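One structure is given here, and the rest of the page talks about it.
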Amino acid sequence: MHIDILTVLPELLESPLSHSIMKRAQDKGLLTVSLHALRKWAVNEYGQIDDYQFGGGAGMVMMPEPLANAIEELSASRTYDQIIYLTPDGQTLNQGIANRLSMADNLLMICGHYKGIDERIRQKYVTMEISIGDYVLSGGELAAAVLVDCIGRLIPGVLNDETSALFDSFQDNLLAPPVYTRPSDFRGMIVPDVLLSGDPKKIEAWRYEEAVKRTRERRPDLEAE
Ligand code: 6GU
């Protein structure tokens with residue numbers, strides 16, 4: 001998969017995409033991510049990409065020309081499966097959306113800043129609008145980092161058995177069960193017997209029960225889906 005990201009702050013995305021599983025995905029050649037500084041398409045020599053909003057009101061709006069020129073230039077060398085605008089008024093990201101997006105070949109993500117981007121860009125180019133939750137961030141960059149991470153780890157071959165996504169929270173609409181490691185007795189707190197039993201069937205049944213219990217207690221809305 002290839003992901004292009006249009007942003008006024010490429011620096012903000014460099015580190016989150018350069019470590020751990022995102023690094024492995026790129027080292028294995030399964031994922032490439034290109035960060036594009038929107039200022040490259042600025043409307044003047046001052047690097048302007050935003051302006052006051054028509055009708056008045058506080059906050060700048062990202063101008064249509066730089067975005068349109070950037071999107072058109074990038075689209076000339078790729079056919080995007082989706083052009084995604086990260087915005088708090090988009091559909092809320094969940095594991096189902098991530099699963100679907102992980103099958104794409106080419107994605108373009110647009111990070112908004114200030115009051116957001118000119119509405120006409122959303123209408124003409126954007127095919128999908130995603131929020132990462134009901135709270136406001138200063139810009140779309142951290143949301144894009146979240147989206148790339150959660151899609152990237154689902155690309156076939158990125159995870160191995162040890163990091164397998166099959167047992168993650170939210171696959172099957174269940175939260176993950178509790179986990180323990182050594183020592184089996186930590187300051188008098190004991191690991192459940194069944195996990196030391198060596199009986200894979202019993203262990204699997206226990207994990208499933210605990211996952212259901214945890215989901216019922218914490219996220220009854222998930223089980224209902
Ligand atoms: Cl995608 N962008 C911003 N600015 N804030 C958010 C968000 C996105 N998702 C949740 N809050």
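FYI, the numbering just counts along the sequence from 1. Order of appearance sets the numbers: ligands from 1, and atoms from 1 within every ligand. What you see is a predicted model, and the numbers here were worked out from it, not measured in a lab. Values reported hereafter were calculated over all heavy atoms of this structure, with side chains retained and with hydrogens, waters and symmetry mates removed.
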Closest heavy-atom pair and its distance - [X], [Y]:
X: W206; Y: P178; answer: CZ3-O, 4.1 Å
X: I117; Y: V61; answer: C-CG1, 3.9 Å
X: L154; Y: Q95; answer: CD1-NE2, 3.6 Å

Note: A143, heavy atoms under 4.0 Å from ligand 1, region reported as side chain
With heavy atoms and a 4.0 Å threshold, my read on which part of D134 contacts ligand 1 is neither
Side chain or backbone, does G140 bring an N or O within less than 3.5 Å of an N or O on ligand 1? no
(Q) Do M60 and I49 sit in one hydrophobic cluster, given that two such residues count as connected whenever their side-chain heavy atoms are within less than 4.5 Å of each other, even indirectly? (A) yes
> According to a 4.5 Å side-chain heavy-atom criterion applied to Ile, Leu, Val, Met, Phe, Trp and Tyr, with indirect links allowed, do M109 and L93 form part of one hydrophobic cluster?
Replying inline: yes
*asked:* Treating E14 as the side-chain partner and L35 as the backbone partner, does any N or O pair qualify as donor plus acceptor under 3.5 Å?
replied: no
Keeping the roles fixed (side chain from K28, backbone from G157), state whether a donor-acceptor pair exists under 3.5 Å. yes
Just need the protein heavy atom nearest to [atom], so name the residue and atom and give the distance.
atom: atom 10 (C) of ligand 1; value: G133 O, 3.1 Å
atom: atom 1 (Cl) of ligand 1; value: T87 N, 3.1 Å
atom: atom 2 (N) of ligand 1; value: P88 CD, 3.5 Å
atom: atom 5 (N) of ligand 1; value: L137 N, 3.0 Å
atom: atom 11 (N) of ligand 1; value: Y135 O, 2.6 Å

Ligand 1 to I132, heavy atom cutoff 4.0 Å, flagged ligand atoms 9 (N), 10 (C)
In ligand 1, the atoms that come under 4.0 Å of a heavy atom of L86 are 1 (Cl)
Does the residue G139 have a heavy-atom contact with ligand 1, meaning some pair of atoms that are separated by less than 4.0 Å? yes
(Q) Taking a cutoff of less than 4.0 Å between a non-hydrogen atom of the residue and any ligand atom, is I130 in contact with ligand 1? (A) yes
(message) Using a 6.0 Å cut-off, check whether atom CG of D89 has over 12 heavy atoms from anything other than its own residue.
(response) yes
